[in-house]
There are 2 protein chains.
Amino acid sequence: MTKLKQIGPVARELGINPKTIRYYEEIGLIPPAQRTESGYRVYGQADIDRIAFILRARELDFSLDDIGEILALREGGEAPCLYVTDLVQKQLAVIDAKIAALNQLREELEDVQRQAVTISLDVIVDKECVCHLIENRAIRAEIA
Amino acid sequence: MTKLKQIGPVARELGINPKTIRYYEEIGLIPPAQRTESGYRVYGQADIDRIAFILRARELDFSLDDIGEILALREGGEAPCLYVTDLVQKQLAVIDAKIAALNQLREELEDVQRQAVTISLDVIVDKECVCHLIENRAIRAEIA
DNA sequence: TATAGACGTTCCAGTAGCTGGAATATCAAG
DNA sequence: CTTGATATTCCAGCTACTGGAACGTCTATA
């Protein structure tokens, strides 16, 4: 018999909000927790491990849906590893796309910053557009 | 007098869903559109420009809140450029953090993939954990 | 002129993954 | 016996839209 913990200590141990655990239960990602006589949720090590697994998968940016499927497959007796490698492949593609987009975004913002430094005062005072820094970028983009 | 356009053509021109324009109006990001007798929204070039500005700022990953403030400052007669440079600075920091996190994530997922290839069959068949690929990563992380 | 279909309108609800708050119950310590 | 920390449920909101239902409007053609 392992020692049972209430939701607060478990959440603190895992570095999350207790509400997150209740939420996972609510959407069926974890089974309904065991309760004390007075209705408090209590968790054993296996429950904590399951939540920890979810959190690690979340760190890898898997969606709760995907995590749920992995868990369900496991419950069905199948080792989910092959399924997971497929998910991982897809995740990698998504991440690469995100990184590329962010890098481009970064360049564009640096562009904006550079322009802010070199912009001449009379342009700043001119009131014909909402914001030169952003509008000019669009104009330059059209030219290019 | 410029030609007025209905919401559909405007949305197509800008490459967005008409609902997005109604949404921007609903949250007050753009003023209520002029209407035809029958209640159809119509837009002039200035309106379209304003929406286009919002879309460009969104491409730079500004929140609608930030964009609203920029627009409001502009309405107040102040050039928002200085305000924008401040926002851009903050955006850059956020983006850098995101890129760093994604790169780390990428490495971890590649790690998982590598492990998937070299993992031995007896480990796959063992059913003691939910998913070796993800769990093992956590174990290795603890060791490191 | 009737009608089809392509557009427009409003309103409600849902997405992901939580998080905050209100109203209420439980529990341990002083 | 009260105080404070914790727990419970339920409702609502966050971002930035998007989908769908139910309905109105406009144009073109049979």
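Computed over heavy atoms, backbone and side chain alike; hydrogens, waters and symmetry mates excluded. As the structure is a prediction and not an experimental result, all values here were calculated from the model. So that the names make sense, note that chain A is the first sequence line, chain B the second, and so on, each numbered from 1.
- B:Leu29 and B:Leu71 make their closest contact through O-CD2, 3.9 Å (heavy atoms, listed as atom of the first residue, atom of the second, distance).
- For A:Val42, the side-chain contact (heavy atoms from CB on, under 4.5 Å) test picks out A:Leu4, A:Gln6, A:Gln34, A:Thr36, with sequence neighbours left out.
- Atom pair B:Ile27:CD1 and D:dT15:P shows a separation of 9 Å (rounding to whole Å applied).
- Atom OH of A:Tyr24 is separated from atom P of C:dG17 by 8 Å (rounded to the nearest Å).
- Between A:Glu37 atom CD and C:dC27 atom C1' there is a gap of 13 Å when expressed in whole angstrom units.
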Under 3.5 Å between N/O atoms: give me all the protein pairs with nucleotides 2-5 of chain C, atom names plus distance.
none

Under 3.5 Å, which donor-acceptor pairs link side chains of residues 10-20 of chain A to any protein atom two or more places apart or in another chain?
from	atom 1	to	atom 2	distance (Å)
A:Glu13	OE1	A:Lys5	NZ	2.9
A:Asn17	OD1	A:Lys19	N	2.9
A:Thr20	OG1	A:Asn17	O	3.4

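- Think of A:Tyr40 as one node in a network of Ile, Leu, Val, Met, Phe, Trp and Tyr side chains linked at under 4.5 Å; it has no links at all.
- Side-chain N/O atoms of A:Asn17 include none lying less than 4.0 angstrom from OP1 or OP2 on C:dG17.
- Atom CG in B:Leu64 sits about 11 Å away from atom P in D:dT18, given to the nearest Å.
- Legend: residues meeting salt bridge (Lys or Arg N to Asp or Glu O under 4.0 Å) with A:Asp96, ordered by chain and number and at least two apart, are B:Arg106.
- One interatomic measurement links the two molecules: CD1 of A:Ile54 to C1' of C:dC18, which rounds to 14 Å at whole-angstrom precision.
- Across the protein-nucleic acid pair, A:Ile16 atom CD1 and C:dC18 atom P stand 8 Å apart, rounded to whole Å.
- Note on the helix from C:dT1-D:dA30 to C:dG30-D:dC1: angle between the axes of the first and last five pairs equals 30°, rounded to 10 degrees.
- The phosphate of C:dT19 (OP1 or OP2) has a side-chain N or O of A:Thr20 nearer than 4.0 angstrom.
- Take B:Arg41 and apply the salt bridge (Lys or Arg N to Asp or Glu O under 4.0 Å) test, not counting sequence neighbours, and it matches B:Glu25.
- A straight line from CG of A:Asp65 to C1' of C:dG14 spans 14 Å, rounded to a whole angstrom.
- Distance B:Asp66 CG to D:dA16 C1': 14 Å, rounded to the nearest Å.
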Exercise. What's the verdict on side-chain contact (heavy atoms from CB on, under 4.5 Å) for B:Ile30 and B:Asp47, showing C-alpha distance, side-chain angles and the deciding distance?
Worked result: CA-CA 8 Å; B:Ile30 53 177; B:Asp47 305 313; over 6 Å; no
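- Judged purely by atom type and a 3.5 angstrom limit, B:Asn103 uses its side chain to pair as donor or acceptor with the backbone of B:Ile99.
- For A:Gln45, the side chain to side chain donor-acceptor pair (under 3.5 Å) partners at least two apart in sequence or on another chain are A:Asp49.
- A:Ser63 comes within 4.0 angstrom of sugar-phosphate atoms only, judged by non-hydrogen atoms across all strands, and of no base.
- Here the side chains of B:Ile48 and B:Phe53 are not in contact, with every heavy-atom distance at 4.5 Å or above.
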Seminar exercise, completed: Quick tally for nucleotides 5-13 of chain D: nucleotides whose base has a protein heavy atom under 4.0 Å get B, sugar-phosphate-only ones S, the rest -, giving -BSBB----
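- A single hydrophobic cluster is seen to contain both B:Ile54 and B:Ile27, as judged by linkage of ILVMFWY side chains at heavy-atom distances under 4.5 Å, directly or through other members.
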